[in-house]
Each structure stands twice: as structure tokens, then as C-alpha cells.
Amino acid sequence: MRVYVSSLGCKLNQSEVDALAVRLQAAGHELVASPAEADLCLLNTCAVTHVAAQKSRQAVRRLHRDNPAARLVVTGCYAELSPTDVRNLPGVEIVAGNRAKDRLLDDLLVPRAPVSAPTPRPRTRALVKIQDGCDNTCTYCVIRLARGEQRSRPADEILDEVQARLAAGYQEIVLTGVHVGAYGRDRAGGRLELDLWGLVRRILAETAVARLRLSSVEPWDLPAEALALWQDGRLCRHLHLPLQSGSAATLRRMGRRYDPAGFTALAAAARAAIPDLALTSDVIVGFPGETEAEFEESLALVQALGLARLHVFPYSSRPGTPAAAMAGQVPAGVKAERASRMRSAGTAAERAFAGQFLGHTVRVLWESERSGIGGREWHGLTDNYLRVASAHAGELRNTFGLVRLVRPVEGGLWGEILE
């Protein structure tokens, strides 16, 4: 059977689709590059915001339009939260929420394949899911409703998957999940033998991974003693710590477990322990009750933090969350204006962070190539999340190279490859 798989939203969604694709390929099915070639199309959806839900509906309609004859399977967060809406979309044959996702191929398509199956895609970074679900009570978030309670994968199973991805040629492993920092803290199954930082130690000690990167880590999940792990140069000097707001009052309404001063102190401690650290973050603007003064507090903190990258989200009311019923809902126009100002601050911070490294020699993992004005152009990432472009006529994909950074370009830095 020819199968087309695609995903919307977060790294966790992508890691799940990658795992499904591995199992499909191992079972003898062919992965195809476009819906038009497929006998079956599988879409992993997102619903973190109302815009994400809208994009999920559009993606379903587009898949059916591109190939009306293909079987259409829809899974993920939008399928979990709005199964009736998904079933009413054109062409949908199977709707499987997150709780059925692990059984999807077992029950409906193919038997479970071993984790050592070949990788289906020529990528440089492998996304490895270490946990699912979330026990936090952030008042704006619908994902805990879509994903359920915190559950960790066994460490040995994760190690097996990491080894399999390395054997398949991946150079970088990214540990992902809904609440990565809660790894090992399972209410239903009890505490596992390892927490996140113990798992990181095992991966570094027991594998030959060239690069290990963490996805988003909540500020309260980063203890001071964990910072010593970055003495191993294979652990990427990149921390994504979600801020969400720089106003103490807004953070309290959000149900977040820190204040601006605590976040600032944590960022300083991380930078002191990890030279040239890239600190990236998320911010929500226009949260219910956010005054102009509270927004200005957020903006000032973002400008002071020296972030390497910032994701800005206008607040999106999600059914079933406490924030949806809060007083003081901010008008759409005000949210849009604040988002624009915050994104401008994020762009300025990103350029300032990258500019510190002009003239430096860095190690880049090359990921993709495209045709540029001067010929073949390669693009890749440093371990501390600098996006680098260079000209080279040869094949560099999935290799490391030393590059001297010479000038800023749109989206990153231009480098001269050192032979």
C-alpha cells in the first residue's frame, strides 16, 4: 500500500508521525511524497489554538481534494477534541484521537514493527518522544485535555529508539513530548527510576550520539544541578524555556509556577553555566485581563532577556479551559497590535544574539540545500541554534562542517566553509 503521512503543529506531533512512518515502511508499505500518489493519507492534527484547529480542517479538505480516492485517516489533538467535526469533513474514513494513536496501526493497518526498522526520511535530526500528556493546570491550555495525564516511556525503550535512529544515520537526537521535564513523574504508574536529567545522562553515557537536543523545558523543571550536564559538548547549548508573560499578575492568572524575577534568575544561572547558550521562549499576548501596563512589563522583560528566538502567540480562547470563561477578554485588534510589537522585539533580540558570533568559527550540521544567486547554497544549524547558510558545490547534507561567520543574512548568518 502507498501511504502519505503528514503532521501539523508541534515537534511531538512530528515525532509521532515519524514513528508511524517507520512502522509502515517496516511492514512493507511504500511512503510517497504527495497525496496524489497515495492509497491512504494519514494526518496528525493540532488544536492548540483556534487557528491550528482551522488549519487542521483545511489540511483534511486539501488531502481529500488532492486525492478523493484515497482512504483518509485523521488523528491527533483536533481529532481527540472534536471527533464529530472531523467525521463530518469530506472523505474522512477513520478518526483516531490521541488515546488511540498508539494502536492505530496495530488495529487498523499493520502489525507493530520493531523499533530498529529503517528510517523513512533522509533527515539530520530525529525527534524521539519520551513522554505524553501533562498534569499541569495552566488556565489557557487545551493540550492537557487532548493528551491526558503525564505518562513516561520506559528508559530502555527510549534508548533502543535512540540507538536505532543513530544506526539509521541521524546526527542529532531531539527529545520531545508534551511536558518533557515531567519525565519519570507518572501519577498512574508511579515514579520511574529516572527523571529527565537521569535519562539525559544515560543517553550521553550509553550512546555515540553526536548531538542531543532538548525540546521545551518548563522553568520549574530545570534544577541548578542539571546545568552541569552541559559540560558534555554533545548536549546542545540551547534551552527553550516558555515564559508566556513577563507580568507577575498575568502569570498568576495563567496558573504558571514562577514570577518574572525567578525566570530572570534562572536565565542568568543557565547562561553562567553554559557559555554561548541560546535561550528561546514563547510569549502569549492579550491574555484575559492583560492591561496595557501588564503587556509593557512583558515587552520590557523580553527585551532584557537577550533571547535567541521568540515565538509569539495572540491568546486563543479554547473551549473547556478556565481562561475561556475569565472576565476581561482582550479585543482581537488589541491582541494583534500587541503581537506585532512583541514580534518586533523578538526579531531584534534574535538579530542581536546572532550578531555576537560574527567572526567566530562554528560547527554546523548541514540540513538542506537550495539554489541561490551564486549557485548551490547549504543551510544548517549550530548546536546553539544559529541558522547558517554557505555556498558549496558538493553534497553536504547530514554532515558537520566548520564555518567562519562573516555577515548577517535574512533568517540567520552567512558563513565561509573552512576546508
Side-chain angles (χ1 to χ4, degrees), residues 11 124-125 171-176 180-181 196-197 200-201 203-204 209-219 221-243 263-283 301-311 345-367 378-390 396 399-418:
K11 287 185 174 67
T124 58
R125 284 184 284 168
Q171 300 279 22
E172 180 175 312
I173 301 294
V174 183
L175 302 184
T176 189
V180 168
L196 170 64
W197 310 109
V200 169
R201 288 186 187 93
I203 294 172
L204 292 173
V209 62
R211 271 190 190 173
L212 181 63
R213 193 181 300 272
L214 304 177
S215 59
S216 181
V217 177
E218 294 289 2
D221 291 325
L222 181 61
E225 58 269 22
L227 296 174
L229 288 168
W230 273 267
Q231 293 175 14
D232 189 319
R234 295 176 296 162
L235 188 55
C236 292
R237 296 168 299 167
H238 172 209
L239 275 171
H240 187 86
L241 300 175
L243 173 62
F263 191 98
T264 301
L266 179 63
R271 286 199 172 102
I274 310 168
D276 296 333
L277 172 71
L279 180 64
T280 60
S281 196
D282 304 319
V283 168
L301 183 56
V302 163
Q303 291 168 333
L305 282 172
L307 298 172
R309 185 156 299 166
L310 179 69
H311 303 288
T347 299
E350 181 178 339
R351 289 173 177 165
F353 177 79
Q356 300 174 60
F357 297 93
L358 288 174
H360 289 214
T361 296
V362 296
R363 189 169 181 247
V364 176
L365 176 57
W366 299 111
E367 296 186 333
W378 284 94
H379 295 254
L381 278 178
T382 65
D383 76 298
N384 64 338
Y385 219 57
L386 294 171
R387 297 190 183 277
V388 179
S390 293
L396 298 181
T399 64
F400 288 101
L402 291 179
V403 178
R404 190 171 72 88
L405 303 175
V406 294
R407 68 176 186 273
V409 293
E410 185 66 30
L413 298 168
W414 185 266
E416 294 176 348
I417 295 175
L418 305 177

TODO: Work out which heavy atom in Ala308 is nearest to a heavy atom in Phe353; give both atom names and the distance.
DONE: CB-CD2, 3.5 Å
TODO: Please tell me if the side chains of Leu243 and Leu301 come closer than 4.5 Å, counting only heavy atoms from C-beta onward.
DONE: yes
Open item on the list: So, taking the atom named CD in Glu416 and the one named OG1 in Thr361, what distance separates them when rounded to the nearest 0.5 Å?
Closed with: 10.0 Å
TODO: Just say parallel, tilted or perpendicular for the rings of Tyr385 and His238, cut-offs at 30° and 60°.
DONE: parallel
Task: Side-chain heavy-atom pair Phe263, Leu305 within 4.5 angstrom cut-off - done: yes
Open item on the list: With a 4.5 Å cut-off on side-chain heavy atoms, are Arg125 and Arg211 touching?
Closed with: no
Task: From Leu418 atom CG to Ser390 atom OG, the distance as rounded to the nearest 0.5 Å - done: 9.0 Å
Open item on the list: Rounded at 0.5 Å granularity, tell me how far CZ in Arg363 sits from CG in Asp383.
Closed with: 8.5 Å
- [ ] Taking all heavy atoms of Leu279 and all of Ala267, pick out the closest pair and write down the distance.
- [x] CD2-CB, 3.6 Å
TODO: For side chain to side chain contact (heavy atoms under 4.5 Å, CB included), just list the numbers for Ile173 and Ile203, CA-CA rounded to whole Å, side-chain angles, deciding distance to a tenth of an Å, and then say yes or no.
DONE: CA-CA 10 Å; Ile173 301 294; Ile203 294 172; 5.8 Å; no
Task: Side chain proximity check, Val283 to His311, heavy atoms < 4.5 angstrom - done: no
Task: Smallest separation among heavy atoms of Val180 and Ser215, with atom names - done: CG2-OG, 3.4 Å
Open item on the list: Looking at every heavy atom in both Glu218 and Pro242, which two are closest together, and how far apart are they?
Closed with: OE1-CG, 4.0 Å
- [ ] Side-chain contact test, heavy atoms from C-beta onward, threshold under 4.5 Å: evaluate it for Phe357 versus Asn384 and give yes or no.
- [x] yes
Task: Trp366 and Val403, any side-chain heavy atoms less than 4.5 Å apart - done: yes
- [ ] Verify side chain to side chain contact (heavy atoms under 4.5 Å, CB included) between Thr280 and His240, making sure each step is shown before the conclusion.
- [x] CA-CA 5 Å; Thr280 60; His240 187 86; 2.7 Å; yes
- [ ] Find the distance between CG (Leu310) and CG (Asp282) and round it off to the nearest 0.5 Å.
- [x] 7.5 Å
Open item on the list: If you compare all heavy atoms of Gln303 against all heavy atoms of Ala345, which two are closest, and at what distance to 0.1 Å?
Closed with: CG-CB, 4.1 Å
Task: Pair Asp276 + Arg237, salt bridge at N-O below 4.0 Å - done: yes
Open item on the list: Let's go through Leu175 and Val200 carefully: what are the C-alpha distance in whole Å and the side-chain angles of both, what is the deciding distance for side chain to side chain contact (heavy atoms under 4.5 Å, CB included) to 0.1 Å, and is it a yes or a no?
Closed with: CA-CA 9 Å; Leu175 302 184; Val200 169; 4.2 Å; yes
Open item on the list: Is it the case that the side chain of Arg213 and the backbone of Glu172 share a donor-acceptor pair, with hydrogens and angles ignored and the cut-off at 3.5 Å?
Closed with: no
Task: Reported CG-to-OG1 distance for the pair Leu214 and Thr176, which is rounded to 0.5 angstrom - done: 10.0 Å
Task: Pairwise side-chain contact, Leu386 with Leu405, heavy-atom cut-off 4.5 Å (strictly under) - done: yes
TODO: Return the minimal non-hydrogen interatomic distance between Val406 and Leu358, and the atom names on each side.
DONE: C-CD2, 3.8 Å
- [ ] Report the C-alpha distance between Trp197 and Glu225 in whole Å, list the side-chain angles of each, state the deciding distance to 0.1 Å, and finish with yes or no for side chain to side chain contact (heavy atoms under 4.5 Å, CB included).
- [x] CA-CA 9 Å; Trp197 310 109; Glu225 58 269 22; over 6 Å; no
Task: Interatomic distance, Leu196 atom CG to Arg201 atom CZ [nearest 0.5 angstrom] - done: 9.5 Å
Open item on the list: Less than 4.5 Å apart, side chain to side chain, heavy atoms only: is that true for Trp230 and Leu239?
Closed with: yes
